[in-house]
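Structure, as structure tokens:
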Amino acid sequence: MCPVTPGFAFPHFIALRHPMSNDPKSHLAGLLQHALTRLAPDVSADIQLERPRQASHGDFATNLAMQLARVLKDNPRQIAERLISLLPASEWLAGAEIAGAGFINFTLTTAAKTRVVADILAAGTAWGRGSAKPGRVQVEFVSANPTGPLHVGHGRGAAVGDCLCRLLEVAGWDVTREFYYNDAGAQIDNLTRSVQLRARGVTPDDPAWPEDGYRGDYIIDVARAFLARETVAADDQHVTANGDPADTEAIRHFAVAYLRREQDQDLKAFGVKFDVFSLESALYADGRVEAAVRALVDKGHTYEQDGALWLRTTAFGDDKDRVMRKQDGGYTYFVPDVAYHLDKWRRGFTRVINEQGADHHSTVTRVRAGLQALDAGIPVGWPEYVLHQMVMVVRNGEEVKISKRAGSYVTLRDLIEEVGRDATRYFLVARSPDSQLVFDIDLALSRSNENPVYYIQYAHARISSVLQQCPDDGDAGGVDLAPLGSEKELALCARLGEYPALVENAASEHAPHLVAGYLKDLAADFHAWYNADRLLEDDAALRTARLALARAVRQTLVNGLDILGVSAPETM
RNA sequence: CCGCCCGUAGCUCAACCGGAUAGAGCACCGGCCUUCUAAGCCGGGGGUUAGGGGUUCGAGUCCCUUCGGGCGGGCCA
């Protein structure tokens, strides 16, 4: 399978302890564990290996000796020296030396560094995939109210949520994507009233127009379609308008269906698909809300005051108690939220991650408190949350605030139409969700290395172009990688080797932006190599080895771009 | 007043559960295409990591505090 793999002579018991450790990092960890066991059998330590920033510090470094210094009450450098002397022989290891305050710097053999190329070509699309994880995880994201077009903030939620799902799947989880529609609250009443008024010819500048009515032009579209008795298909149902402006319920039904269809189209254009759509109205219709309220009352965490029913959320970490049933008899929004999450738990999701805008962060404590009050065996930190900060759209250095269609915000559809799906997805996911995001339209449209999307895609297109000229050279299996060894090649191999751990880390940290950053670094390493070393060399052995490396880079770009939901074009 | 997020080069951002001399890109200056895609590469200048304390062998990273920005704190969602 891999001709450059030497016959490694590492001890049998290490092989047993690290059955999967065929990458250099795990291998080194095994060697260190062996040395530690012989040095201090009773001491266990978290063996950390990291890639030093500086090349002169070797390929991997560990702070193990410094960590042990306190426990063993000895000088770190002396501990390091003894650890080195106890390391088993390994043909992967070219050297190990003490540096600084007690670091051990490891240098790998060239064969150990380049073998990742063979691993990648053998794994293909499975390169970077983690082992299957137990349990099922549900990710709820977007969950926009069906009261208007999706805006940039929803776009960020869609991009982050969907990339998170793809990351979790690659990391080995069984993922369900869910969208929750608040189709039962006051905002829907407001929508209904706005459409009804428009259907009767009332405009937002009329004194009769309600203060909080929806003013966007899309309301005109809905009203016009209703009067024209159109039929809209949303998800699983078809709704036909009866065209009667006096029929409030008909308007409500039609308007919600119409806007759900609009949102579905936007999400489809954005490349986001959901497995399950849940409706708030269904929670009321089949009694799940009432059942949750009864359960909370039965558990004794509620009380009546000022004509309202309260939940004692302060018993579960909230800073004040919350009203469940208002004086007018209706429930506050967090009651269906609790009922909804109880339902998620009963559906068997051991993990639930809610991706939302940070402006909703106050619901986190409330929902968790409500679930704890139910005493249903739900873990304290369940569900998990990923909260993204605000997005500001900028063009020509100035903030863009208004979309004609939506009236008060920039829509996701506007962005996709202007800068394209790939750039929109990349930019919305490339920053930590914790940070506010400036979406620069000029940058997203620019065609230079200012624009990381094209920079990464260009690397893929370049490789594809070269490989097209030698379709079979350096293909998977049996390639001799020994000719590889230039500085740029080894740097590239090291970068490729980071990929599986990066995916694992990004998934567990809920941080899809790390994938975006990695791909930019990988593309940079490739472009640097491409300009330094010629791929289509006359020397057959060298050419074949280099094309194998190029294939490995391309495979990693493809796998990584797939996590972001960004395309990998063959030509540009 | 309270809670959450953020503060790193002129600008936009990195820095792998505390590691060695804090890195890229843009902008600025200077180079590289009669050979694989110049949407590319190479080199140069640019920093008290907002300020101040603390924890320790070691802090951009953890704790406290001050300042600044954003978002919340409805019987709205």
Side-chain angles (χ1 to χ4, degrees), chain A residues 46 48 50-54 56-57 61-63 66 69-70 75-76 99-103 105 143 145 147 182 185-188 190 212 280 306-310 319-320 322-334 336-337 357-365 387-390 392 394 397 430-438 440 443 446-455 457-459 461-470 498 501-502 505-506 508-509 511 513-514 517-518 520-521 523-524 526-537 543 546-547 550 571-572:
Chain A
D46 177 26
Q48 297 173 27
E50 58 172 28
R51 306 194 57 82
R53 283 203 266 250
Q54 235 181 308
S56 64
H57 292 152
T62 184
N63 59 0
M66 285 134 92
R70 194 178 307 167
N75 180 318
F103 289 98
N105 292 339
S143 295
N145 290 348
T147 55
N182 288 107
Q187 295 308 315
I188 300 298
N190 192 0
D212 55 352
E280 182 186 11
D306 304 330
L309 179 67
W310 296 69
D319 57 352
K320 58 180 80 160
R322 305 292 168 177
V323 169
M324 294 171 60
R325 193 193 303 121
K326 297 179 281 185
Q327 287 177 340
D328 68 9
Y331 291 114
T332 58
Y333 66 90
F334 104 96
D337 276 358
D359 53 339
H360 288 75
H361 79 253
S362 60
T363 68
V364 175
T365 311
L387 304 176
H388 65 261
Q389 299 288 326
M390 303 289 99
M392 179 171 77
V394 167
R431 302 283 170 251
S432 164
D434 284 340
S435 295
Q436 291 168 43
L437 174 64
V438 176
D440 186 335
L443 182 62
S446 78
R447 300 186 151 212
S448 71
N449 61 358
E450 286 180 77
N451 190 332
V453 190
Y454 289 131
Y455 186 78
Q457 290 180 323
Y458 184 51
R462 264 186 157 174
I463 297 172
S464 299
S465 172
V466 173
L467 291 178
Q468 206 163 23
Q469 297 169 53
C470 297
E498 295 171 10
L502 174 105
N505 186 247
S508 64
E509 298 291 314
H513 69 285
L514 295 177
Y518 172 84
K520 206 166 75 166
D521 290 341
F526 168 75
H527 287 308
W529 176 51
Y530 182 91
N531 279 275
D533 297 337
R534 190 174 163 73
L535 275 67
L536 297 177
E537 281 283 352
R543 181 180 68 241
R546 285 185 172 167
L547 290 177
T571 59
M572 287 176 74

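The nearest whole Å value for the distance from the CE atom in Met572(A) to the C1' atom in A38(B) is 13 Å. The distance from atom CG of Leu437(A) to atom P of A14(B) is 10 Å, rounded to the nearest whole Å. Atom pair Asn531(A):CG and G40(B):P shows a separation of 10 Å (rounding to whole Å applied). Going from atom CG of Leu535(A) over to atom C1' of G40(B) covers 14 Å, rounded to whole Å. In this structure, Met66(A) atom CE and A59(B) atom P are separated by 11 Å, rounded to whole Å. Between the CZ atom of Arg53(A) and the P atom of A14(B) there is a distance of 15 Å, rounded to whole Å.
Using a 4.0 Å heavy-atom cutoff across all strands shown, Asn75(A) reaches no nucleic acid atom at all. Within the 4.0 angstrom heavy-atom criterion, no nucleotide atom of any strand lies near Ala524(A). Counting any heavy atom pair closer than 4.0 Å across all strands shown, Ala461(A) reaches a base atom. Gln54(A) comes within 4.0 angstrom of a nucleotide base, judged by non-hydrogen atoms across all strands. Residue contacts for Leu502(A): at a heavy-atom cut-off of 4.0 Å it reaches no nucleic acid atom on any strand shown. Residue-level contact check: Asp46(A) touches neither bases nor backbone, having no heavy atom under 4.0 Å from any strand. If you check every strand for non-hydrogen atoms under 4.0 Å, Asn63(A) touches a base.
Aromatic stacking of Phe103(A) on A20(B): satisfied, with centres closer than 5.5 Å and planes within an angle under 30 degrees.
Across the P atoms, U8(B) and G51(B) are found 10 Å apart, a figure rounded to whole Å. Nucleotides C4(B) and G23(B) are separated by 29 Å at their C1' atoms, to the nearest Å. To the nearest whole angstrom, the two C1' atoms, one in C63(B) and one in C1(B), are 24 Å apart. Going from the C1' atom of G46(B) to that of G30(B) covers 16 Å, rounded to whole Å. For the P atoms, the distance from U56(B) to A15(B) is 28 Å, rounded to whole Å. Taking atom C1' on both G10(B) and C17(B), the two are 33 Å apart, rounded to the nearest angstrom. The separation of A14(B) from C26(B), taken at their C1' atoms, amounts to 15 Å, rounded to a whole angstrom. When the C1' atom is compared between C13(B) and G18(B), the two are found 22 Å apart, to the nearest whole Å.
A 3.5 Å limit on both hydrogen-bonding distances identifies G40(B) as the Watson-Crick or G-U partner of C32(B). Shown here, G46(B) forms no base pair; nothing in the strands shown gives a Watson-Crick or G-U wobble contact with both key distances under 3.5 Å. In this structure, C62(B) forms a base pair with G54(B), meeting either the Watson-Crick or the G-U wobble geometry with both donor-acceptor distances under 3.5 Å. Using the Watson-Crick or G-U wobble rule with both distances under 3.5 Å, C26(B) pairs with G10(B). Under the Watson-Crick or G-U wobble criterion, with both distances below 3.5 Å, C4(B) is paired with G70(B).
When distances are taken from the side chain of Ala528(A) to each of C42(B), A39(B), A14(B), the shortest belongs to C42(B). Comparing U21(B), A15(B), G40(B) against the side chain of His527(A) picks out G40(B) as the nearest. Closest to the side chain of Glu50(A), from the set G19(B), A14(B), U37(B), is G19(B).
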Report task. Encode nucleotides 68-77 of chain B as B, S and - characters from 5' to 3', where the letter depends on protein heavy atoms closer than 4.0 Å: B to the base, S only to sugar-phosphate, - to neither. Result -> -BSBSSSBSB

Report task. Using a 4.0 Å heavy-atom cut-off, write out nucleotides 45-50 of chain B from 5' to 3' as B (base contacted by protein), S (sugar-phosphate only) or - (no contact). Result -> ------

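For the OP1/OP2 pair of A38(B) and a distance below 4.0 Å, the side-chain nitrogens and oxygens of Arg462(A) include at least one atom meeting the criterion. Residue Tyr454(A) has no polar side-chain atom (N or O) positioned under 4.0 Å from OP1 or OP2 of G25(B). Taking 4.0 angstrom as the limit, Arg431(A) places none of its side-chain polar atoms (N or O) nearer than this to OP1 or OP2 of U12(B). For the pair Gln48(A) and C16(B), the criterion of a side-chain N or O lying under 4.0 Å from OP1 or OP2 is not met.
Sequence order on RNA chain B of the closest nucleotides to Lys520(A) and Trp529(A) puts Lys520(A) first from the 5' end. Comparing Ala430(A) and Thr571(A) along RNA chain B, the residue whose closest nucleotide (by nearest heavy atom) sits nearer the 5' end is Ala430(A).
Ring orientation note: the planes of Phe526(A) and Trp529(A) are nearly perpendicular, at an angle over 60° on the 30°/60° scale.
Tested against Gln436(A) for a side chain to side chain contact (heavy atoms under 4.5 Å, CB included), the candidates His388(A), Gln389(A), Met392(A) yield a single pass: Gln389(A). No option in Thr147(A), Ile188(A), Asn145(A) other than Asn145(A) meets the side chain to side chain contact (heavy atoms under 4.5 Å, CB included) test with Asn182(A).
Counting distance only, with no hydrogens placed and no angle test, the side-chain atoms of Arg534(A) and the base atoms of U35(B) include a donor-acceptor pair under 3.5 Å. You won't find any donor-acceptor pair under 3.5 Å spanning the side chain of Asp521(A) and the base of A15(B), going by distance alone.
Panel note: side chain Asp306(A), backbone Ala308(A); no donor-acceptor pair is recorded below 3.5 Å.
The closest side-chain heavy-atom distance from Leu387(A) to Asp359(A) is not below 4.5 Å.
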